[in-house]
Amino acid sequence: MNINTFLSRIPLRYWGYLSLSLWGVAILFLLRPDPYNLDEGSAKSLLLVWSVADQVAASVVTFGAPDLRALLFLPVAFLWTGNVFAAKVFTALLLALAIWLLYLWNRHNVNAENALIASGLLIISPLILNQIDTLSSGIYLLPAFAFGAWLNVEYRLNPRPGGGWYFAQLLISAFSVSLHPIGLAYPLALLWSWYKEPLDQTQQKYFFTGISFVVLFTLFMLGGWSYVAWFQNPIKSLSITILGPSLGSELSAVSWVVGGLMLTGLIIVVFKQYRNLWSDFTGRTFLIGLTLGVTTSDSAWGIIALSLILYFGIPLLLQLHHIRAGKGFIQQRGLMMLFIIILSTVFMRADKSYYEIRQSGFLSDEDQLIYILAEEAENARKIAEEDKSGKNPVLLRVASQWPSRTMIACKCDTLPLPPAAQDPQTQLTMLRSISHLLFNPRQASNAALARNLSILGGEIIETIALQPGGVLLHFKNAKAPVNPTRTK
């Protein structure tokens with residue numbers, strides 16, 4: 001038996017598993033191993049489950065209720081407490097499962113060629129890499145939507161009111177809603193499905209009642225979406241899906257062109273494929289999510305837009321060249337091959353740039369401040385270890401605008417920013433146990449706090465670092481000595 005005969009006998013699905021495995025191994029070398037460049041919501045969830053796993057009381061409980069990413073991180077937290085990279089590996093595995101489910105769905109609804117091309121391009125896009133590295137909410141919406149669509153099919157094939165598949169769909173609804181406003185798309189698509197295609201009235205009532213209660217309860221418990229920035233530039237988000245995140249905040253001319261082309265393509269795909277989108281459960285979920293996401297137009301919305309363009313736009317390209325007898329491969333699939341080569345080349349070049357940026361040690365404006373604080377904390381620990389007398393306890397309690405990310409990086413006791421007081425002296429009383437304060441005074445929400453701190457003057461507060469992303473302040477006469485909390 002020669003090698004060609006042996007390879008031809010291997011089922012195609014195993015080649016798919018091998019490809020996903022190779023992608024998973026390759027992407028691990030592109031991710032940051034350090035505790036920076038994280039999403040604040042994911043950092044809060046990680047801190048909470050680490051605290052539970054180690055049975056250690058932590059100030060993270062004062063940060064507010066985390067989203068349901070905490071449930072996902074529980075296994076990782078108990079096995080590798082304090083390891084951020086383990087959470088990234090788990091997220092990559094979760095995304096691989098989502099891509100596999102989306103491939104099966106698209107192969108069943110369209111064809112294997114479209115499913116393979118769309119899934120392959122989606123998984124190597126620079127935005128996917130960035131979302132895994134930051135543990136942002138958008139990267140968990142894809143698994144939620146893909147797994148939720150599969151659950152919907154499985155339940156309808158074997159309906160059992162009050163069974164496991166029913167409560168699993170309620171859990172996916174709560175999970176997706178807790179992440180982002182786009183997460184409302186799944187329960188809304190599910191409600192529409194049971195409104196138009198109910199199996200019977202009893203089950204319809206079960207789903208209407210259960211989904212409505214779960215969504216409202218989740219929103220009430222979380223108090224909305226704390227870390228979502230509203231009404232961002234959609235052109236920027238769409239350009240990042242192709243070119244990857246840029247170093248500066250200003251958009252280049254190339255980014256405007258690419259983002260504009262993406263927006264045009266998105267409008268064309270939605271217009272051309274509207275009926276197919278709305279008639280399919282997964283397509284309906286993407287369409288509702290795309291509509292809801294316009295209110296934020298952030299990177300999570302960019303993932304939904306890119307997924308919709310690839311899975312529903314590629315069939316439009318394939319329809320331009322029907323297979324006819326007597327035509328060669330170039331005539332049949334020339335345009336499609338050109339599209340794949342150009343887009344995959346741009347994607348891989350953007351992934352390489354992302355890796356080079358990571359290797360250079362570049363940090364965002366906010367992370368630069370957190371890094372300076374982490375160095376301060378490490379120096380304070382070294383001084384405390386060298387001081388055998390114990391007469392000079394370490395004063396290190398931080399109030400931060402980004403408390404979860406700060407606590408992970410500096411491994412010290414961290415609290416959220418205090419509210420602005422009516423006068424500077426009252427503000428100083430509120431901050432009597434704080435040794436360091438980290439925030440962005442240029443933001444309108446911090447204007448009153450910045451004014452109070454500026455009036456207190458240099459005799460009480462000294463500026464350690466002033467960066468474009470904010471300022472790091474040190475209070476000279478912190479009253480309550482607190483040793484740094486050691487976090488694994």
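Only heavy atoms go into these numbers, but all of them, side chains included; no hydrogens, no water, no symmetry mates. Residues: numbered from 1 along the sequence shown. Given the structure is predicted, the values throughout are model-derived calculations rather than measurements.
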Full working for side-chain contact (heavy atoms from CB on, under 4.5 Å) between L438 and Q401:
CA-CA 6 Å; L438 188 65; Q401 184 176 342; over 6 Å; no
Could you grab the distance from atom [atom1] of [X] to atom [atom2] of [Y], nearest 0.5 Å is fine?
| X | Y | atom1 | atom2 | result |
| --- | --- | --- | --- | --- |
| T291 | L188 | OG1 | CG | 10.5 Å |
| S299 | L306 | OG | CG | 12.0 Å |
| I370 | N37 | CD1 | CG | 10.0 Å |
| R156 | F281 | CZ | CZ | 8.5 Å |
| L184 | T285 | CG | OG1 | 12.0 Å |
| E366 | S400 | CD | OG | 9.0 Å |

Using a distance-only test with no angle check, is there a side-chain donor-acceptor pair under 3.5 angstrom linking S193 and R284?
no
Between Y140 and S176: side-chain donor-acceptor atoms closer than 3.5 Å:
no
So, do [X] and [Y] sit near enough that their side-chain heavy atoms are less than 4.5 Å apart?
| X | Y | value |
| --- | --- | --- |
| L219 | W225 | yes |
| W50 | V84 | yes |
| F231 | T296 | no |
| L122 | L142 | yes |
| Y274 | L287 | yes |
| L95 | W23 | yes |
| L38 | K88 | yes |
| F475 | L453 | yes |

In plain terms, say whether R397 and D413 are close enough for a salt bridge, that is, a side-chain N and a carboxylate O under 4.0 Å apart.
yes
One pair to check against side chain to side chain donor-acceptor pair (under 3.5 Å): S353 and R349. What are the steps and the verdict?
CA-CA 6 Å; S353 298; R349 182 67 185 89; 2.8 Å; yes
So does [X] have more than 12 non-hydrogen atoms from other groups sitting under 6.0 Å from [atom1]?
| X | atom1 | answer |
| --- | --- | --- |
| W80 | CH2 | no |
| Q422 | CD | no |
| Y371 | OH | no |

Looking only at non-hydrogen atoms, find the nearest pair between [X] and [Y] and report the distance.
| X | Y | result |
| --- | --- | --- |
| T91 | L135 | OG1-CD2, 3.3 Å |
| V110 | P315 | CG1-CG, 4.2 Å |
| A92 | I27 | CB-CG2, 4.3 Å |
| L243 | V258 | CD1-CG2, 4.0 Å |

Taking D39 as the fixed residue, which of K44, R69, R405 is the one that meets the salt bridge (charged side-chain N to carboxylate O under 4.0 Å, His left out) rule?
R69
Run the numbers on W230 and D298 for side-chain contact (heavy atoms from CB on, under 4.5 Å), then give the verdict.
CA-CA 8 Å; W230 300 93; D298 56 4; over 6 Å; no
What's the verdict on side-chain contact (heavy atoms from CB on, under 4.5 Å) for D423 and I455, showing C-alpha distance, side-chain angles and the deciding distance?
CA-CA 9 Å; D423 58 84; I455 294 175; over 6 Å; no
I need the single residue from F145, W165, Y155 that forms a ring-ring contact (aromatic ring centres under 6.0 Å, His included) with W150. Which is it?
W165
Evaluation steps, side-chain contact (heavy atoms from CB on, under 4.5 Å), between I268 and F271
CA-CA 5 Å; I268 292 174; F271 178 77; 5.8 Å; no
Determine, using ring centers only, whether Y166 and F207 are less than 6.0 Å apart.
yes
Just do the side chain to side chain donor-acceptor pair (under 3.5 Å) check on N106 and N114 with the steps written out, would you?
CA-CA 7 Å; N106 201 241; N114 184 84; 2.4 Å; yes
Check step by step if side chain to side chain donor-acceptor pair (under 3.5 Å) holds for D67 and Y227.
CA-CA 11 Å; D67 56 47; Y227 306 111; over 6 Å; no
Fit a plane to each ring of F213 and F217, take the angle between them on a 0 to 90° scale, and name the class: parallel (under 30°), tilted (30 to 60°) or perpendicular (over 60°).
parallel
